[in-house]
Amino acid sequence: MPAGRTHETLGTMKKLLQISLTALALIGAAQAQDVAIGEKKVAMCIGCHGIPGYQASFPEVHKVPMIAGQGGKYITAALTAYAKGERKHPTMRGIALSLTEADVADISAFYEQQAKAPAVADTAPAPSADVAKLLEKGACASCHGANFSKPIDGAYPKLAGQHADYLYVALKAYQTDGSNAVVGRGNAIMGGQVKQFSHAELKSIAKYIASLPGELRTVPQAKMR
């Protein structure tokens with residue numbers, strides 16, 4: 001190849017490399033902005049999820065779940081399930097349907113980083129013998145992690161420290177047969193697992209998991225935004 005052509009080719013390659021690096025920088029900047037953008041989109045969320053101890057009354061009285069510090073991939077999966085009707089909850093479905101894919105991604109990114117709690121240990125305090133048998137029967141740790149705070153996939157929720165009454169209501173929702181138009185959760189894996197248990201057993205599981213140290217928080221929101 002002639003020297004002039006070689007020099008021209010190297011110059012073109014340098015320009016392409018610079019363009020690629022610039023594009024990567026822009027992508028990184030856009031991703032970093034997702035959190036800030038998400039903070040502007042959570043007005044409809046903070047009325048329940050931004051008030052410590054706030055209780056919902058549907059389908060029964062229970063504390064709304066803590067979502068600050070939850071995995072962003074899981075929040076996206078949950079909102080998508082509400083929008084599709086796989087999770088039946090009139091209020092959450094209405095909210096989820098109002099969101100674009102970009103909205104969901106930004107909100108998920110915001111809540112994932114909102115509570116920067118210290119990472120929990122790799123092992124959780126041991127349950128009682130009875131609860132240990134229930135957890136083993138349900139193979140709970142196989143998806144949610146040995147300490148229930150490090151799920152094997154981001155689409156699964158962190159559970160450790162979550163409100164016991166919410167966990168109980170959520171577990172019962174997976175036991176539904178799908179005939180109720182406004183209550184229930186459709187998930188073949190979770191449905192098959194929780195149908196093995198009585199409500200009393202589910203309550204024991206929920207109580208233990210809620211007692212564990214976790215990364216989930218409710219972050220109070222300013223009254224004036």
Side-chain angles (χ1 to χ4, degrees), residues 49 55-82 84-89 92 112 115 117-218:
H49 295 286
Q55 294 192 128
S57 58
F58 179 87
E60 60 189 79
V61 175
H62 64 87
K63 294 183 182 68
V64 299
M66 294 179 281
I67 58 175
Q70 185 63 268
K73 188 176 178 180
Y74 166 71
I75 294 176
T76 294
L79 287 171
T80 301
Y82 282 120
K84 290 181 176 180
E86 295 169 357
R87 287 190 176 193
K88 298 175 182 178
H89 189 290
M92 285 303 305
E112 181 173 22
V120 297
D122 290 334
T123 57
S128 67
D130 290 341
V131 172
K133 290 179 181 178
L134 296 177
L135 295 171
E136 183 177 359
K137 182 179 178 180
C140 305
S142 64
C143 290
H144 297 287
N147 63 351
F148 297 95
S149 194
K150 295 183 179 179
I152 63 170
D153 186 275
Y156 303 142
K158 299 176 184 179
L159 300 178
Q162 185 61 271
H163 299 305
D165 52 359
Y166 165 74
L167 290 174
Y168 175 57
V169 168
L171 288 169
K172 286 195 298 180
Y174 287 114
Q175 290 184 326
T176 57
D177 59 7
S179 60
N180 192 309
V182 293
V183 177
R185 295 186 179 187
N187 181 296
I189 295 175
M190 284 299 299
Q193 296 298 83
V194 300
K195 286 174 183 177
Q196 306 176 83
F197 301 112
S198 67
H199 285 180
E201 289 172 330
L202 292 180
K203 189 171 286 188
S204 294
I205 291 172
K207 184 178 179 180
Y208 167 69
I209 293 175
S211 72
L212 301 176
E215 300 172 9
L216 303 178
R217 300 287 186 271
T218 297

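This is a predicted model, so every value here is computed, not measured.
The two residues Tyr208 and Phe148 come nearest to each other via the heavy atoms CE2-CE1, 4.2 Å. Of all heavy-atom pairs between Pro213 and Ala160, the closest is O-CB, 3.5 Å. When every heavy atom of Val131 is checked against every heavy atom of Pro127, the shortest pair comes out as CG1-CB, 3.8 Å. Minimum heavy-atom separation, Tyr174 to Ala170: CD1-O, 3.2 Å. Between Val183 and Pro59 the shortest heavy-atom distance is CG2-CB, 4.0 Å. The two residues Ala56 and Val64 make their nearest non-hydrogen contact at CB-CG1, 3.9 Å.
The side-chain heavy atoms of Lys172 and His199, taken from C-beta on, include a pair separated by under 4.5 Å. For the pair Met92/Leu79, a side-chain contact is recorded, criterion being any heavy-atom separation below 4.5 Å from C-beta on. Side-chain contact between Asp153 and Lys73 is present, with heavy atoms from C-beta onward closer than 4.5 Å. Annotation: side chain of Val182 is not in contact with side chain of Lys88 (no heavy-atom distance under 4.5 Å). Here the side chains of Gln70 and Leu216 are in contact, with some heavy-atom distance below 4.5 Å. A heavy-atom distance below 4.5 Å is not found between the side chains of Asn147 and Leu212. Between Gln175 and Leu202 there is a side-chain heavy-atom pair separated by less than 4.5 Å. The shortest side-chain heavy-atom distance between Leu171 and Phe197 does not fall under the 4.5 Å cut-off.
No hydrogens or angles considered: nothing links the side chains of Ser128 and Asp130 as a donor-acceptor pair under 3.5 Å.
Distance check, rounded to the nearest 0.5 Å: NE2 of His62 to CD of Gln55 gives 9.0 Å. For the atom pair OH (Tyr168) and CD1 (Ile209), the distance works out to 14.5 Å, reported to the nearest 0.5 Å. Considering NZ of Lys150 and NZ of Lys158, their distance stands at 9.5 Å, rounded to 0.5 Å.
Without hydrogens or angle criteria, Arg217 side chain to Gly214 main chain gives a donor-acceptor distance under 3.5 Å. The backbone N or O of Thr218 sits nowhere less than 3.5 Å from a side-chain atom of His49 that would complete a donor-acceptor pair. When atom types are taken as modelled, the side chain of Gln162 and the backbone of Leu159 share no donor-acceptor pair closer than 3.5 angstrom.
More than 12 heavy atoms of other residues, nucleotides or ligands sit less than 6.0 Å from atom CD1 of Ile152.
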Side-chain atoms of residues 132-144: list all donor-acceptor pairs with protein atoms under 3.5 Å, sequence neighbours left out, distances to 0.1 Å.
unit_1 : atom_1 : unit_2 : atom_2 : d
Ser142 : OG     : Ala139 : O      : 2.5
His144 : ND1    : Pro157 : O      : 3.2

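For Lys63 and Tyr166, the positive end is not near the middle of the six-membered ring at less than 6.0 Å and at most 45° from its axis.
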